[in-house]
A.B. asks: 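Sharing a structure with you now.
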Amino acid sequence: MNASSHPHIVILTGAGVSAESGIPTFRGAGGLWEGRDVMELATPAFQRNRDLVQRFYNERRQDLLKKEPNAAHHAIARLQREYPGRVTLVTQNIDDLHERAGSPEVWHIHGELLLSRCERCYEVQHCREDLHSASRCEHCGQSGRLRPHVVWFGEVPYHLGDLDIKTRDARIFAAIGTGGLVYPAANFAHIARSLGARCIEFNLEPSDGVFDEFIEGPAGQTVTAWVDSLLKQPS
Ligand code: BV8
């Protein structure tokens, strides 16, 4: 197999890929929580109001556990398993729906809702229960210092160095369900294009002029059709 027949595909997903699973996007109609702008809560406001921010994430965590992956998650996982070339999946989402759809590798640059981190010993641990002041770190035993293992505004996203190296030879960059308003993820398409990738956007509405192609519609339909077309190509 020569690489040109199955070029390296890099996929960046945002909240829109989970919308059809019933998880509200940040800027969509449901992008508010108790009348508050969620963008204000995904910040180190945690230091100012721990209980409010913990409650915000506790409710999203319990809601996530009742949700299921949708056709877009399943199509991406099938592409990762069956495509003869490399597929690198990067997500801004903190849900685990890509993993539950069977994706073998997911790079969560904004962290994961089902993980917590101890502010005292920095140990990251699985988290499916509510976090509150009595929550105890399994590693150091400290109570009341567990926070969601997510990247808030003003904090540095994860895996940027690794991904910068791993994705430099991408020839196809697909942005799926992202408004392209949060940095540095919003720069990824610009970087990919400057390195020679063809950039495709899957969204309900176009977000940015950097894309070579815009495929309109719900990701469950458009991504499934795209993956079908890629996997039907002769090896
Ligand atoms: C950093 C985790 C430094 C928590 C999140 C001024 C200018 C430029 C930048 C900045 C600035 N001031 C500050 C910044 C930096 C800041 C930033 O970008 N701010 C924005 C608001 C301007 N960024 C940061 O602080 C980042 N850190 O910069 O550190 C640094 C960087 C590099 C190296 C060294 C130092 C940290 C950002 C991470 C914040 N954490 N999440 C949590 O989730 O609670 S961000 C959070 O919001 C999500 O993770 C996601 O990334 C973002 C929402 O974006 P989307 O996923 O795109 O969702 P959105 O609702 O916007 O769009 C959904 C899209 O789907 C829409 O387009 C819609 O049309 C589409 N859609 C809907 N349904 C469907 C669909 N598409 C297809 N099918 C459907 N069915």
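Quick note: residue numbers are just sequence positions, from 1. Both ligands and their constituent atoms are indexed starting at 1 by order of listing. In what follows, every heavy atom counts, from backbone to side chain, and hydrogens, waters and symmetry copies are set aside.
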A.B. asks: Heavy atom of Ser207 under 4.0 Å from ligand 1?
C.D. replies: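 No, Ser207 has no heavy atom closer than 4.0 Å to ligand 1.
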A.B. asks: With heavy-atom distances below 4.0 Å as the criterion, list the atoms of ligand 1 near Thr178.
C.D. replies: 55 (P), 57 (O), 64 (C), 65 (O), 67 (O)
A.B. asks: How does Ala72 reach ligand 1, by side chain, by backbone, by both or by neither, if only non-hydrogen atoms under 4.0 Å count?
C.D. replies: neither
A.B. asks: Please say whether Gly179 places an N or O atom under 3.5 Å from an N or O atom belonging to ligand 1.
C.D. replies: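 It does: an N or O of Gly179 is found under 3.5 Å from an N or O of ligand 1.
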A.B. asks: Is it the case that the side chains of Glu216 and Thr222 hold a donor-acceptor pair, with the cut-off being a distance below 3.5 Å and no angle test?
C.D. replies: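 Thr222 vs Glu216: no donor-acceptor pair found between side chains.
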A.B. asks: What I want to know is whether Val150 and ligand 1 share at least one N or O pair that is separated by under 3.5 angstrom.
C.D. replies: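 There is no such contact.
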A.B. asks: Does a side chain donor of either Thr88 or Thr167 reach within less than 3.5 Å of an acceptor in the other side chain?
C.D. replies: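 There is no such pair (donor and acceptor under 3.5 Å, judged by atom type) between the side chains of Thr88 and Thr167.
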A.B. asks: Using a distance-only test with no angle check, is there a side-chain donor-acceptor pair under 3.5 angstrom linking Ser103 and His73?
C.D. replies: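 Not at all, the side chains of Ser103 and His73 share no donor-acceptor pair under 3.5 Å.
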A.B. asks: How far does CD1 of Ile200 sit from CZ of Phe211, to the nearest 0.5 angstrom?
C.D. replies: 10.0 Å
A.B. asks: Pick whichever of Thr25, Ile94, Asn203 has a heavy atom sitting closest to atom 66 (C) of ligand 1.
C.D. replies: Asn203
A.B. asks: Looking only at distances, please establish whether an N/O atom of ligand 1 is found under 3.5 Å from an N/O atom of Gly177.
C.D. replies: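 Yes, Gly177 has an N/O under 3.5 Å of an N/O on ligand 1.
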A.B. asks: Heavy atoms only: which of Arg60, His110, Gln92 is nearest to atom 43 (O) of ligand 1?
C.D. replies: Arg60
A.B. asks: Could you tell me whether Tyr158 and His149 have their ring centroids closer than 6.0 angstrom?
C.D. replies: yes
A.B. asks: So if I count the atoms of ligand 1 from 1 in the order they appear, which ones are less than 4.0 Å from some heavy atom of Ala19?
C.D. replies: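 Per the distance check, 73 (N).
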A.B. asks: So, Arg61 versus Asn58: side-chain donor-acceptor pair below 3.5 Å or not?
C.D. replies: yes
A.B. asks: Quick one: does any side-chain atom of Arg145 pair with a main-chain N or O of Ser133 as donor and acceptor, under 3.5 Å?
C.D. replies: no
A.B. asks: Can you list the atoms of ligand 1 that are under 4.0 Å from a heavy atom of Gly154?
C.D. replies: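 That gives atoms 24 (C), 25 (O) of ligand 1.
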A.B. asks: Any atoms of ligand 1 less than 4.0 Å from a non-hydrogen atom of Glu20? List them with their elements.
C.D. replies: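 Close to Glu20: 78 (N), 79 (C), 80 (N).
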A.B. asks: Step through the shown structure and confirm whether more than 12 heavy atoms of other residues, nucleotides or ligands are within 6.0 Å of CD on Glu138.
C.D. replies: no
A.B. asks: Side chains of Gln92 and Thr13: any donor to acceptor distance under 3.5 Å?
C.D. replies: no
A.B. asks: Measure from atom 40 (N) of ligand 1 to every heavy atom in Asn187, Val156, Val151 and give the option owning the shortest one.
C.D. replies: Val151
A.B. asks: Under 4.0 Å from a heavy atom of Leu181: which atoms of ligand 1 are those, numbered in the order shown and with their elements?
C.D. replies: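 Those qualifying, in numeric order: 20 (C), 22 (C).
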A.B. asks: Can you list the atoms of ligand 1 that are under 4.0 Å from a heavy atom of Ala15?
C.D. replies: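 Listed by number with element: 55 (P), 56 (O), 58 (O).
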A.B. asks: Heavy-atom contacts with Glu155 under 4.0 Å: which atoms of ligand 1 show up? List them by number with element.
C.D. replies: 1 (C), 26 (C), 27 (N), 29 (O), 36 (C)
A.B. asks: Which atoms of ligand 1 are found less than 4.0 Å from any heavy atom of Tyr57?
C.D. replies: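 In order of numbering, the contacting atoms are 4 (C), 42 (C), 44 (O).
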A.B. asks: Is Glu129 atom CD crowded by more than 12 heavy atoms from other residues, nucleotides or ligands, each under 6.0 Å away?
C.D. replies: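 At most 12 heavy atoms, drawn from other residues, nucleotides or ligands, come within 6.0 Å of this atom.
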